[in-house]
Visitor: 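Can you keep this structure in mind? I'll have questions shortly.
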Amino acid sequence: MGLFAKFKAGLQKTHSKLVHEIKRIVTRSPKLDAAGLDELEAALIAADLGMAMTSQIVGAVKQAYETQGSAGMDVFAVARGEVEKSLASNQPGLRKAPEGLTVVSIVGVNGTGKTTTAAKLAHLVQLRGETTLLAACDTFRAAAIEQIKHWGQRLKVEVIAGAYGADAASVAHDAVAAGQARKAHYLFVDTAGRLHTKHNLMQELQKLHRVMGKQLPGAPHEVLLVLDATTGMNALNQAREFNKAVPLSGLIVTKLDGTSKGGMVVAIHKELGLPIKFIGLGEHADDLQPFDAKEFAGALFGE
């Protein structure tokens with residue numbers, strides 16, 4: 001399956017709802033009056049595109065209607081163009097340290113799919129012919145260490161782990177040392193899920209990052225927040241708070257295949273200016289895809 005086909009399949013729920021609503025509005029009100037524009041606004045907000053992006057699209061549609069009239073105007077093309085333009089500055093893919101080991105810290109609240117995402121990133125790096133390690137720094141959740149070890153066996157990636165309940169920062173320290181000793185290209189650090197509102201847990205994450213930075217100056221080189229698309233705009237609050245505690249370098253949005261709120265990707269990028277690095281479109285190891293603004297906009301608003 002090609003990348004566009006994956007995007008299209010993954011965004012099917014969001015796309016179907018949007019296309020159905022927009023077609024209903026346009027066919028019922030070809031003159032696109034104030035009521036029609038209000039309905040268009042409501043449909044875009046319902047897809048969690050956020051107020052700023054919604055206003056931008058509605059403004060562009062209104063302008064296109066005023067200059068071209070209803071006959072020559074394609075609402076879908078206008079919306080697609082605005083989303084693509086908004087995401088134009090996006091830089092997907094992983095950063096690389098100038099030399100030696102690149103450390104990537106995977107953070108987020110509980111249940112977003114951090115452990116699976118860390119494993120999928122390791123798989124992507126392997127496909128490029130680079131070597132990688134995984135660090136089991138979620139020492140709270142009993143199943144987390146087993147889960148990442150299972151992925152490690154499946155992908156033939158070494159996992160650095162401590163005992164359940166061990167100090168996560170010391171596991172991270174050992175993992176960075178192991179990555180340096182083995183001359184690995186990447187180390188993916190699976191951190192414990194933590195509520196963005198819990199100050200003590202955020203301090204613990206800051207400590208984890210400090211410890212890695214002492215072991216290897218510049219580490220972590222990437223701090224990627226994993227967001228669950230099904231939470232919609234709630235994810236924006238998570239991104240805001242995590243970004244305050246540990247400056248983020250990018251976002252990974254998972255479970256886009258299970259939601260009609262896929263527009264939240266655009267809303268979060270628009271507000272925080274953080275790059276969307278990857279999106280998760282399914283359960284398999286290769287279902288984590290580098291984000292592509294053009295393909296995303298096309299999958300969202302393609303007729």
Visitor: Got a donor-acceptor contact below 3.5 angstrom from the T191 side chain to the C137 backbone?
Guide: no
Visitor: Tell me if a side-chain donor or acceptor on T112 pairs with a main-chain N or O of D228 at a distance below 3.5 Å.
Guide: no
Visitor: Less than 4.5 Å apart, side chain to side chain, heavy atoms only: is that true for I279 and L288?
Guide: no
Visitor: If you compare all heavy atoms of A161 against all heavy atoms of K149, which two are closest, and at what distance to 0.1 Å?
Guide: CB-CE, 3.9 Å
Visitor: Give me the one residue out of K17, R24, K23 that meets salt bridge (Lys or Arg N to Asp or Glu O under 4.0 Å) with E21.
Guide: R24
Visitor: Quick check: does any side chain N or O of T115 sit under 3.5 Å from a backbone N or O of A144, one acting as donor and the other as acceptor?
Guide: no
Visitor: Does anything in residues 126-185 pair up under ring-ring contact (aromatic ring centres under 6.0 Å, His included), and if so which pairs, sequence neighbours excluded?
Guide: none
Visitor: Between CG of L94 and CG of L224, what distance do you get to the nearest 0.5 Å?
Guide: 6.5 Å
Visitor: How far apart are the C-alpha atoms of R194 and D138, what are their side-chain angles, what is the distance that settles it, and do they pass the salt bridge (Lys or Arg N to Asp or Glu O under 4.0 Å) test?
Guide: CA-CA 10 Å; R194 63 198 75 229; D138 181 354; over 6 Å; no
Visitor: Quick one: does NZ or CZ of K96 land under 6.0 Å from the six-membered ring centre of Y186, within 45 degrees of the ring axis?
Guide: yes
Visitor: Looking at T254 and L227, would you say the former's side chain and the latter's main chain have a donor-acceptor pair under 3.5 Å?
Guide: yes
Visitor: Kindly indicate whether the side chain of L124, heavy atoms from C-beta on, has any atom under 4.5 Å from the side chain of R128.
Guide: no
Visitor: Is the CD atom of Q91 crowded by more than 12 outside heavy atoms at less than 6.0 Å?
Guide: no
Visitor: Please report the shortest heavy-atom distance between A239 and L225, naming the atom on each side.
Guide: CA-CD2, 3.4 Å
Visitor: Got a sec: does the CD of Q206 have more than 12 other heavy atoms crowding it under 6.0 Å?
Guide: yes
Visitor: Whether the side chain of N243 engages the backbone of L248 through a donor-acceptor N/O pair (distance < 3.5 Å, no angle test) should be reported.
Guide: yes
Visitor: Where the side chain of R80 meets the backbone of G298, is there a donor-acceptor pair that is under 3.5 Å apart?
Guide: no
Visitor: Do Q289 and E295 have side-chain atoms, one donor and one acceptor, less than 3.5 Å apart?
Guide: no
Visitor: State plainly whether the residues E82 and K85 are in salt-bridge range, i.e. N to O under 4.0 Å.
Guide: yes
Visitor: Looking at E204 and K207, is there a salt bridge between them, counting it only when a charged N and a carboxylate O are closer than 4.0 Å?
Guide: no
Visitor: Do any N or O atoms from the side chain of E222 and from the backbone of R95 form a donor-acceptor pair under 3.5 angstrom?
Guide: yes
Visitor: Counting only N and O atoms by type, is there a donor-acceptor contact under 3.5 Å from the side chain of K277 to the main-chain atoms of G93?
Guide: yes
Visitor: Output yes when a side-chain donor or acceptor of T116 lies under 3.5 Å from a complementary backbone atom of G113, and no otherwise.
Guide: no
Visitor: When you compare the side chain of F301 with that of V75, does any pair of heavy atoms fall below 4.5 Å?
Guide: no
Visitor: Once rounded to the nearest 0.5 Å, what's the spacing between atom CZ of F188 and atom OG1 of T117?
Guide: 11.0 Å
Visitor: Quick one, L37 and L32 - any side-chain contact, counting heavy atoms below 4.5 Å?
Guide: yes
Visitor: Side chains of H269 and S86: any donor to acceptor distance under 3.5 Å?
Guide: no
Visitor: When you measure from the side chain of Q126 to the backbone of L155, do you find a donor-acceptor pair of N or O atoms at a distance under 3.5 Å?
Guide: yes
